[in-house]
S.K.: 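Take a look at this one; I'll ask things after.
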Amino acid sequence: MNNNYLEELNQVQREAVECTDGPVMIVAGAGSGKTRVLTYRVAHLIKKGIDPFHILSLTFTNKAAREMKDRIGKIVSKGEARNLWMGTFHSVFARILRTEAARLGYPTNFTIYDTDDSKSLIRTILKEQGIDEKIYKPSIVLSRISSAKNNLLSAQVYLQNEEAMNEDKLSGKPKIGLIYDIYHKRCFRAGAMDFDDLLFNTNVLLRDFADLLNKYQDKFRYIMVDEYQDTNFSQYVIVKQLAAKFQNICVVGDDAQSIYGFRGANIQNILSFEKDYPDLHTFKLEQNYRSTQNIVNVANTVIKNNQDQLQKNVWTENPAGDLIYLLKAHTDNEEGQIVARNIYDLKIDKMANNRDFAILYRTNAQSRSMEEALRKKGIEYRIFGGLSFYQRKEIKDLLGYYRLAINPSDEEAFKRIVNFPTRGIGDTSIEKILIAARDNDISLFTACENITELNLAINSGTVQKIQDFVTMIQSFSALLPVQNAYDLGDHIAKTSGLLHELHIDKTPEGVSRYENVLELLNGLKEFSDGALPPAIDLNENKLEFQDTNETNKELEENTEESLPMRTLDQFMQDIALLTDADKKENNEDVDRVSLMTIHASKGLEFPYLFIVGVEENLFPNPMSLLSRADLEEERRLFYVAITRAEKRATITYSSSRYRWGTLTSSEPSRFIDEIDSKFIEYGNSAARGEFEEGSNPQYLVNKSSTNKKIEQKQKFETVPPRKNLVKASTANAGPIDNTNLKSLQVGMTVKHERFGTGKVVQLEGGFPNTKATVVFNEAGQKQLLLKFAKLEIIES
DNA sequence: GTGTAATGCTATTGG
DNA sequence: AGCATTACAC
């Protein structure tokens, strides 16, 4: 036990830790010991006697949560720390949603759709609706839906929201509201939530069920939110609702580091926190412990160019240190070589290790030239982000089988694996299944289960293949509660033919794919053996309160024998929420140079830092030049980048680089101009020449004219109003009562949700598999399964 | 229905 | 340049 933790804090940090009750805002400058404050604050709460069950701490990554838990465990006790609720918004509320899923008509084992799943579903909908994919690009449609959800606009509300509909009309995409509506219904039918739904549906729960709001308000009496500047409206409302009763809400953030506006983060959440909680205690952590004076000064001078910010003065007692080192290259490949050479030299000069270095870039695509150069120099590296392990095709394929076994309604999993490895169920059959599923409002899998009753125009051989597929998946499902994660996962990999399919491919890529699948199975093995959860240890949390620490101690000692079996569905629960940072091997102390985007570097620090590709048309990204707000976010991004450095920061740019396969020329970023030249060491003569006064008048004129354009715009630009909280609509209703349809007879007039009214011309098959042929006034003749179709008898 | 060749698109940032 | 979707031959 460590009782001296308070002595490891400075005055302000200590006050922030000890101010445990009521609303608190901690404005934490870069490198000001924020993590330490958060950690000790939680520990302090527990020491004061607050039950860890009542503490909720929302972090930006799951890795951060795990590390913090470990550190807290060292101050209090491991058993107590284990009972904390700590994790990202998405993982914490996914967990709660699984518990409360029934309230929303969702199954407990709902699937979490990742971005690829969402786009694929949108593509399917576009095809069905005959909407041009060129105009309605899935990524654009999805981002529109996403921002609607993040502003708590349900599909129904969206369709009635004049502002939203007008925006879509003006952008030439008036059907987005319609697509949103269908998308939402399809997700519901598939028992799936996308990332935004996890937050949206949490809001629905807390809004529509007073008992639940009460329950979680009582449970989470102390709430802390890290990186508050990056929360969106949906997250904001969740926090506000949960904290409404006890008001013990502590948010930590730095407006200067708000870099997620593109996914709905609202910097206003932190800028106007005071208005929400008038009796707020504010603490400003301004002393930087991380970086040299030069680095702090450069960061300060650059960020000063932004208008929107809270007053603060970040300073440090650290030595002045090296100047910012500026290097110019002529191509992106040369840039890589220069960086690799500098790392090589610095390692010798400073006796540094690979792990002391990081290379940061604006876009993932820039990693390649860096990788190549490092490889040639024999410097080991690791890449964060980009294609993560779980996004690889072979992994997604196998996970597709797991997903379908756990949730047979999962449409995206179905489409992915129904014919992979190929088993003779081709596009035309799937097309027919899709239509039948839509007409009867059932999932694709349910349609397959009833493939004979639906009697679609599919030849009998294929019908048999579909039935075999159904039987196979059902046999997997049946094993879920019986076998542990590894045994079943391995069984599925073999029985499905997937492992075999990969094994016969002897190309280097094929071998690598096979090995990746083995690695996944390996992970399953470790999970089953109880070595570690997939990444998130929320699994340990219980929603029910436990009496005292006695119970916990018991739990701790009670290992091996009494441990319940770890099953495949448990393993799969949080898979979609894992990021690269959560991967096990990235936590180990491997001695490698880190490569990542600036976004991914948030919260990290490195002694020797390289920021590469600091060029106009790349950083700031051209997409962000249209408004002052976007440009300021790019500048904050630069601020985040530079403040990752502890001892030395090197900035590089290139005068040309390959983009889309062709060489394009580029010039240094305006952000370099914004650094006072007294802080810069021009590392090579090329760079020095570029910035000599008047050396390149044309280039300077260009840049100032760009700036002017932006300034003009900002005059007319008003601060965008916070989107009003339009009441979100309740999630879809439950099943329709079809029992009265037993009395349905030929000649009756019926009404269908989509096809309108029509006359029954034929009935075949006994209840409950009765199939009706209906001639609709508008939609023509359709065949519908009574047990699924929402038919209403209008006239006998 | 399946496999291969040609075409076309993409690259902000991420849970 | 690399990947995904499409077109076409079998």
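A quick note: this is a predicted structure, and the numbers were derived from the prediction, not measured. Protein chains get the first letters and strands the later ones, always in sequence-line order, with residue 1 at the start of each.
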S.K.: Going by the rule side chain to side chain donor-acceptor pair (under 3.5 Å), which residues pair with A:N306 if we only count those two or more places apart in sequence or in a different chain?
M.R.: A:R635
S.K.: Within the modelled atom types, does a donor on one side and an acceptor on the other bring the side chain of A:D196 and the base of B:dG15 under 3.5 Å apart?
M.R.: yes
S.K.: Taking the minimum atom-to-atom distance to the side chain of A:F262, which one of B:dA11, B:dG15, B:dG14 wins?
M.R.: B:dG14
S.K.: Would you indicate which nucleotide in C:dA1, B:dG14, B:dT12 comes nearest to any side-chain atom of A:M623?
M.R.: B:dT12
S.K.: Does anything in residues 121-143 of chain A reach DNA chain B, meaning a heavy atom under 4.0 Å, and if so which residues?
M.R.: A:K134, A:K137
S.K.: Report yes if at least one side-chain N or O of A:R263 is closer than 4.0 Å to OP1 or OP2 of B:dT12; otherwise report no.
M.R.: no
S.K.: Closest to the A:R368 side chain: B:dG1, C:dG2, B:dG14?
M.R.: C:dG2
S.K.: I want to verify a distance call: between B:dA11, C:dA1, B:dT13, whose nearest atom is closest to the A:A365 side chain?
M.R.: B:dA11
S.K.: Using the side-chain heavy atoms of A:T462, tell me which of these nucleotides is nearest: B:dT13, B:dG1, C:dG2.
M.R.: B:dG1
S.K.: A:T88 has a side chain; which of B:dA11, B:dT12, B:dG15 sits nearest to it?
M.R.: B:dG15
S.K.: With a non-hydrogen cut-off below 4.0 angstrom, is A:S624 in contact with a base, only sugar-phosphate, or nothing?
M.R.: nothing
S.K.: Please classify the nucleic acid contact of A:F619 as base, sugar-phosphate, or nothing, using heavy-atom distances under 4.0 Å.
M.R.: nothing
S.K.: Determine which pairs satisfy salt bridge (Lys or Arg N to Asp or Glu O under 4.0 Å) with at least one residue from residues 132-147 of chain A, sequence neighbours left out, and list them in order.
M.R.: A:R123-A:E133, A:R144-A:E167, A:R144-A:D168
S.K.: Does A:T115 reach a base, just sugar-phosphate, or nothing at all? Heavy atoms under 4.0 Å.
M.R.: base
S.K.: Could you please name the option among B:dT10, B:dG3, B:dG1 that lies closest to any side-chain atom of A:T422?
M.R.: B:dG3
S.K.: What residues form a side chain to side chain donor-acceptor pair (under 3.5 Å) with A:D230, not counting sequence neighbours?
M.R.: A:K602
S.K.: My understanding is that only residues two or more places apart in sequence, or in another chain, count here; which of them pass salt bridge (Lys or Arg N to Asp or Glu O under 4.0 Å) with A:D630?
M.R.: none
S.K.: To the nearest 0.5 Å, tell me how far A:T652 OG1 sits from A:E335 CD.
M.R.: 3.5 Å
S.K.: The criterion is side chain to side chain donor-acceptor pair (under 3.5 Å); which residues satisfy it with A:D397, sequence neighbours excluded?
M.R.: A:K393, A:R416
